[in-house]
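We count ligands from 1, going down the list as the structure has it; atoms in each ligand are counted the same way.
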Amino acid sequence: MVKAVVGANWGDEGKGKITDMLAENADIIIRFQGGANAGHTIVNKYGKFALHTLPSGVFYDHTTSIIGNGVALDIEKLFNEIKSITDQNVPMPKILVSDRCQIVMPYHVLFDAYEEERLAGKSFGSTKSGIAPFYSDKYAKIGFQVSELFDEELLKEKVKRVCDLKNVLLEHLYHKPAIDENELLETLHRYRDMVKPYVCDVSAFLDNAIKEGKTILLEGQLGTLKDPDHGIYPMVTSSSTLAGYGAVGAGLPPYEIKQIITVCKAYSSAVGAGAFVSEIFGDEANELRERGGDGGEYGATTHRPRRMGWFDCVASKYGCRLQGTTDVAFTVLDVLGYLDEIPVCVGYELDGEVITDFPVTAKLEKCKPVLKKLPGWKTEIRGIKKYEDLPENCRAYIEFIEGQIGYPITMISNGPGRDDIIYRESPLKK
Ligand code: GDP
């Protein structure tokens with residue numbers, strides 16, 4: 001049984017917590033896209049962790065954690081992350097790295113920073129982790145696959161070829177120091193020795209696991225609106241954030257993905273530039289940011305303050321549709337308990353008309369939110385375990401949103417911990 005945990009919006013919806021929670025009953029957790037450019041925050045018995053590369057199943061000793069072929073693998077960061085969790089007394093997780101996974105090179109990180117510098121004010125708000133240069137090279141067919149580290153002749157030839165190309169750009173476009181071929185080759189030898197014990201033919205491993213009836217979780221990074229095809233292009237990430245891509249980025253048949261759990265936060269937040277229709281500003285935004293998440297809405301990787309907004313039904317309906325949602329996990333609902341009234345964005349006004357289908361970026365920039373205010377519940381809902389025990393206005397909020405987005409909300413998260421979860425029977429669940 002393969003399940004995917006993915007985001008409906010801009011990321012930071014709480015996928016890490018949901019994956020960590022579902023991992024209790026899973027055998028394998030696999031990252032299938034993205035790199036160390038975003039993080040998941042997880043709170044459990046060992047403490048509080050920000051994971052960037054490792055799947056959110058590393059805290060259990062019964063699970064295998066896999067870095068799939070679709071991931072941008074920063075080997076240095078992977079090892080630092082393993083160390084950071086084992087230093088906090090988490091037992092060494094069982095980790096596998098796909099032999100088809102490609103490697104984030106030191107120059108990818110530099111090119112990311114140089115390009116942001118060159119674009120100055122017009123930059124995309126990159127986290128400078130080398131992700132865009134990495135995926136550009138992957139599709140330009142000059143990336144380095146993990147398997148290639150073990151073929152010395154090929155490696156030498158490729159290092160030379162790539163350095164020749166990159167050094168032209170470094171010298172003439174960016175006016176920065178050239179890459180030293182020998183130094184790069186040494187780095188790659190070091191990477192080879194580090195990653196060697198973990199390298200695996202992951203698609204064959206997963207094929208076996210499926211035959212044995214194992215439970216496999218695909219863990220997405222970011223959310224639908226950051227997808228390069230279906231998101232707010234060009235303010236997107238460089239790999240697909242959709243559950244459908246899970247089949248490609250892990251190496252398993254698409255029809256094996258039986259459950260798609262799309263995580264939606266009870267309000268909105270976004271990082272980086274780009275249209276954000278239900279965005280709020282000033283004191284209203286500051287208060288939600290400080291109360292939000294678990295200790296404020298700040299990036300898990302970058303610590304940047306997140307942009308804040310009300311729940312966006314238009315974006316979330318679209319986000320759930322593109323994921324192919326079977327279940328919605330509605331998270332961070334406890335945070336809204338301070339509000340007398342809770343605005344929800346139910347439509348976009350575009351050229352004098354109200355639309356409820358999420359438009360392409362150029363139109364999105366012109367949209368204004370149509371807000372509807374729902375009554376707040378003004379109480380603490382953490383600790384509640386049963387849906388019926390939630391305050392009436394809180395249930396009304398959930399049910400209103402479910403009606404607007406049209407996908408079944410079957411899980412409600414009312415706190416950052418593993419046990420802060422309420423399961424719900426949804427009338428929309430087929
Ligand atoms: P991800 O990237 O989708 O995994 O999301 P993040 O980990 O970046 O952001 C979610 C934040 O909200 C983290 O700090 C979580 O600990 C926290 N969180 C997750 N679920 C809940 C919840 O139901 N309530 C509260 N208060 N915090 C939550």
With a cutoff of 4.0 Å, is Arg382 in contact with ligand 1, counting heavy atoms of the residue only?
yes

Contact check, Val335 vs ligand 1, heavy-atom distance below 4.0 Å:
yes

Please verify whether a non-hydrogen atom of Gly11 lies at under 4.0 Å from ligand 1.
no

Think Lys166 forms a cation-pi with Phe111, using NZ or CZ under 6.0 Å from the six-ring centre and within 45 degrees of its axis?
yes

Is it true that Phe59 and Phe49 have ring centroids separated by less than 6.0 Å?
yes

Glu297 and its side-chain hydrogen bond (donor to acceptor under 3.5 Å, both in side chains) partner, picked from Arg291, Lys265, Arg304:
Lys265

Matching residue for Lys83 among Asn80, Asp87, Thr86 - test: side-chain hydrogen bond (donor to acceptor under 3.5 Å, both in side chains):
Asp87

Flag Val43 as yes when one of its N or O atoms lies below 3.5 Å from any N or O atom of ligand 1, and as no otherwise.
no

For ligand 1, is any non-hydrogen atom under 4.0 Å from Asn414's backbone (N, CA, C, O), its side chain (CB onward), both, or neither?
backbone

Set of residues satisfying ring pair (Phe, Tyr, Trp, His ring centres under 6.0 Å) with respect to Phe79, sequence neighbours excluded
Tyr198

Heavy atoms only, cut-off 4.0 Å: how does Asp334 contact ligand 1, side chain, backbone, both, or neither?
side chain

Verify ring pair (Phe, Tyr, Trp, His ring centres under 6.0 Å) between Tyr423 and Tyr387, making sure each step is shown before the conclusion.
CA-CA 7 Å; Tyr423 291 97; Tyr387 187 66; over 10 Å; no

What part of His52, side chain, backbone, both or neither, has a heavy atom within less than 4.0 angstrom of ligand 1?
neither

Given that the side chain starts at C-beta and the backbone is N, CA, C, O, which of these parts of Lys17 lies under 4.0 Å from ligand 1, counting heavy atoms, or is it both or neither?
side chain

